[in-house]
Amino acid sequence: MKNYEIAKTLYNIALYLEMEDEPFKPRAYEKAARSVEALTEDVSDIYKRGGTNALMDIPGVGEAISAKIEELILTGKLEYYEKLKKKIPVDIESLTSIEGVGPKRVKTLYKKLKIKTVEDLEKVAKAGRIRKLEGFGEKSEQAILKGIEFLKRSKGRFILGYVLPTLREIEERLRKLPEVMKVNIAGSTRRMKETIGDADFIVVSNKPQKVMDFFTSMPDVVHVYSKGSTKSMVKLNNGLDADIRVVPEKSYGAALQYFTGNKDHNIALRKIAIDKGWKLSEYGVFDRHDKYLFGKDEEEVYEKLGLKWMPPELRENTGEIDAAKKNKLPKLIEYGSLKGDLQIQTKWTDGTNSIKEMGEEAKNLGLEYIAITDHTKRNAFVGGLDNKKIRQQMKEIEKINKIINGVKILSGSEVDILKNGELDISDDVLEDLDVVGASIHSSFNLPKIEQTNRIIKAMENENVDILFHPTGRLIQEREPYDVNMEKIIQTAKDTGTRLEVNAFPNRLDLKDEHIKLAVKAGVKLVINSDAHNKNHLQYLELGIAQARRGWAEAKDVVNTRKLNDFLKLLK
Ligand code: DGT
Ligand code: CA
Ligand code: CA
Ligand code: ZN
């Protein structure tokens, strides 16, 4: 059993227990699930190595939970979990993924209206039966319907950050085949979109049949839709569909260009070719007598069409073709160019690792500095820090900085913006921190003007350096809050507050179009991982991708600066 399957079971148990009003157990299961998710080693390997004793070395895993994990590993099932499911046989995972529906509401909905699935819920909500339930009302009924709509719209797409490691693994496997000369991921994955519909692999090989055999019989393939001589389509065990195409070497550049897309970008390119009297397809560029002209490499395809080659992240037909014609493409911020990470949670609140562990991992990844930004007291459910605890943590950080080399740990906070725009930590404490990020974790549904003014008020506090996850959206889970982004950007400009590009796979907040606006306005950005364990620091790459899709350059992103230059920027 894979780590993520074990973690998922533990998460679901937490939901069921919460439904049962259990006071402490849900948090314990959640914590264990988070730890399992954060592991780099397979839980079954840990178990093989040292049995339940080794399992108990996983943070948050005690005797009871280790026995459950053991049962899962040995039998693939868990009696305890099956019993919970029997007691309340509902699709708890899907139901709680609807905004505004938590475990307690799932229980009420099941007990009063026999609701087991999202479909059941939609039916009764449309029939106006939810509003009559105690504790619901018309407003929640509307919110539930909106949440269901949102869920439906995002179905079938996958969050890039969660599937990218698997796709890269497949790419590497293909690369190692002796029959494969070239391989690349194309499509939305190559463009580093937030979510992808399916994966597209392009391969050059002189033995295409061998490649087809290999691809369709990989261990992660659960279904083969089609298997041809140069093209196949499969479903992977993570639910994602994947295409592969083998093309001749002389078509590789054209094929890579074509299958990278996006479609609108391709159409615009094809027009340029037609104007030159040529034909552009996935096989190459041809003259009017269908004679092959070129197509072996992608750069050549662009250049012969009179365009500078451009990074895939720009290819959305949103101005990049014009810019390429005029040689005015942005010099996008490079992968690996960040020197610091300014949003990191630790064990002090809802993170899994210690301050020191986060510092060491950051150093391993080549970062020069990180800021520890644990949550604050309004977020009591994660043990948010109050004034006193923040001061304690500052002292602790000072100590750690004395014993750790090669990375500087800055003191910081993810201070909560209250409903009225005030912060839940006092100014004298904020003043003494190195880095202060402010963000919203409540009252997501305020009217636009109120929400905008609330955020503006927080940005006007001169201790606030960064607005964290500016719109609060969670991809496939929660809509952004209703804010006037032009005003937020203007305020960022006026107050010198930086806007975060949060790199967490299901946040990616700001999104590309807002990054573009911010960059244009001359507002500075910060790319942060929002890490809750040390593996999450890797997500910085996704934040860079997001910034690149928003046409951001290194100069627009303050944490591309070296420590000393960065410190000079801070008030
Ligand atoms: P996805 O899979 O929905 O996340 O997005 P893509 O961009 O990966 O789209 P996909 O997999 O349907 O197709 C891969 C690329 O192939 C797409 O980005 C552009 C190209 N392509 C697909 N269909 C067409 C088409 O009808 N016309 C043109 N010009 N290009 C197309
Ligand atoms: Ca695709
Ligand atoms: Ca495709
Ligand atoms: Zn957190």
Side-chain angles (χ1 to χ4, degrees), residues 152-171 174 182-204 215-216 218 220-221 223-226 228 230-236 238-247 251-276 278-286 295 298 301-302 304-305 307 309-321 324 475-476 505-506 508 511-513 542 545-546 548-549:
K152 278 191 187 161
R153 257 185 287 135
S154 46
K155 246 206 182 126
R157 295 191 69 80
F158 290 74
I159 292 178
L160 177 68
Y162 297 147
V163 293
L164 195 55
T166 303
L167 298 180
R168 284 182 174 158
E169 208 183 296
I170 292 174
E171 189 185 20
L174 287 165
K182 281 180 184 165
V183 56
N184 227 314
I185 306 181
S188 47
T189 311
R190 186 166 176 237
R191 303 198 315 278
M192 296 294 275
K193 293 287 282 184
E194 298 167 350
T195 64
I196 64 170
D198 72 351
D200 309 272
F201 293 92
I202 308 292
V203 168
V204 174
F215 188 75
T216 53
M218 295 186 301
D220 355 40
V221 169
H223 180 69
V224 178
Y225 296 105
S226 64
T230 59
K231 194 185 153 189
S232 297
M233 251 180 95
V234 301
K235 186 184 254 329
L236 303 173
N238 60 8
L240 184 69
D241 291 343
D243 294 351
I244 189 167
R245 289 178 186 80
V246 176
V247 300
S251 298
Y252 184 65
L256 187 56
Q257 191 290 311
Y258 181 89
F259 291 110
T260 296
N262 76 359
K263 193 173 157 183
D264 292 340
H265 174 93
N266 287 355
I267 291 170
L269 230 56
R270 199 186 302 151
K271 269 205 198 104
I272 296 177
I274 290 170
D275 288 344
K276 290 188 184 292
W278 293 339
K279 264 191 347 211
L280 168 66
S281 74
E282 62 264 48
Y283 303 104
V285 178
F286 300 83
E298 197 182 51
V301 172
Y302 279 98
K304 291 263 168 67
L305 291 174
L307 304 172
W309 178 90
M310 67 191 81
E313 295 90 329
L314 293 178
R315 303 182 195 172
E316 301 290 332
N317 197 30
T318 51
E320 76 280 6
I321 292 180
I475 298 173
Q476 302 188 340
N506 72 336
L508 298 176
K511 52 180 188 177
D512 50 3
E513 64 200 72
L542 301 170
Q546 185 82 351
R548 285 166 67 87
R549 287 193 297 95

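What you are looking at is a predicted structure, and each value in this text was computed from that prediction instead of being measured. Start at 1 and go down the list; that is how both ligands and their atoms are numbered. Computed from heavy atoms alone, side chains included, the values below leave out hydrogens, waters and symmetry copies.
- Here is the list of ligand 1 atoms found below 4.0 Å of a heavy atom in Gly187: 8 (O).
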**Message:** Before you tell me yes or no, could you show the steps for Gln546 and Glu313 under side-chain contact (heavy atoms from CB on, under 4.5 Å), namely the whole-Å CA-CA distance, both residues' side-chain angles and the distance that decides it to 0.1 Å?
**Reply:** CA-CA 8 Å; Gln546 185 82 351; Glu313 295 90 329; over 6 Å; no

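- Between the choices Ser188, Gly261, Ala255, the shortest heavy-atom distance to atom 17 (C) of ligand 1 belongs to Gly261.
- Distances from the Ca ion (ligand 2) show that Asp243 has no N/O/S atom below 3.0 Å.
- Checked by distance only, ligand 1 and Gly197 come closer than 3.5 Å through their nitrogen or oxygen atoms.
- Nearest to atom 22 (C) of ligand 1 by heavy-atom distance, out of Tyr258, Phe259, Phe158, is Tyr258.
- A salt bridge does not link Glu171 with Arg190: none of the charged nitrogens is closer than 4.0 Å to a carboxylate oxygen.
- Within ligand 1, the atoms closer than 4.0 Å to a non-hydrogen atom of Ile196 are 4 (O), numbered from 1 in the order shown.
- Heavy-atom separations between His265 and ligand 1 are all 4.0 Å or longer.
- The closest approach between Asp243 and ligand 1 stays at or above 4.0 Å for every heavy atom of the residue.
- A donor-acceptor pair under 3.5 Å links the side-chain atoms of Asn238 to the main chain of Leu240, judged by distance alone.
- For ligand 1, the polar-atom distance check against Arg157 finds a nitrogen or oxygen pair separated by under 3.5 Å.
- A donor-acceptor pair under 3.5 Å is formed between the side chain of Asn266 and the backbone N or O of Tyr258.
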**Request:** Give the intermediate values and the outcome of salt bridge (Lys or Arg N to Asp or Glu O under 4.0 Å) for residues Lys231 and Glu282.
**Result:** CA-CA 13 Å; Lys231 194 185 153 189; Glu282 62 264 48; over 6 Å; no

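- Of all N/O/S atoms in Asp200, OD2 sits nearest the Ca ion (ligand 2).
- Neither the backbone nor the side chain of Thr189 has any atom closer than 4.0 Å to an atom of ligand 1 (non-hydrogen atoms only).
- For the Ca ion (ligand 2), the nearest N, O or S atom contributed by Asp198 is named OD1.
- Residue contacts with ligand 1: Arg191 is placed with a nitrogen or oxygen under 3.5 Å of a nitrogen or oxygen of the ligand (distance criterion only).
- Checked against His265 for a side-chain hydrogen bond (donor to acceptor under 3.5 Å, both in side chains), the options Glu316, Arg315, Glu320 give a single hit: Glu320.
- The proximity of Lys193 to ligand 1, defined as any non-hydrogen pair under 4.0 Å, does not occur for either the backbone or the side chain.
- When only modelled atom types and interatomic distance are considered, Tyr302 and Gln257 share a side-chain donor-acceptor pair under 3.5 Å.
- Here the CG atom belonging to Leu280 is positioned 6.0 Å from the CG atom belonging to Leu305, to the nearest 0.5 angstrom.
- Annotation for ligand 1: atoms under 4.0 Å from non-hydrogen atoms of Asp200 are 8 (O), 11 (O).
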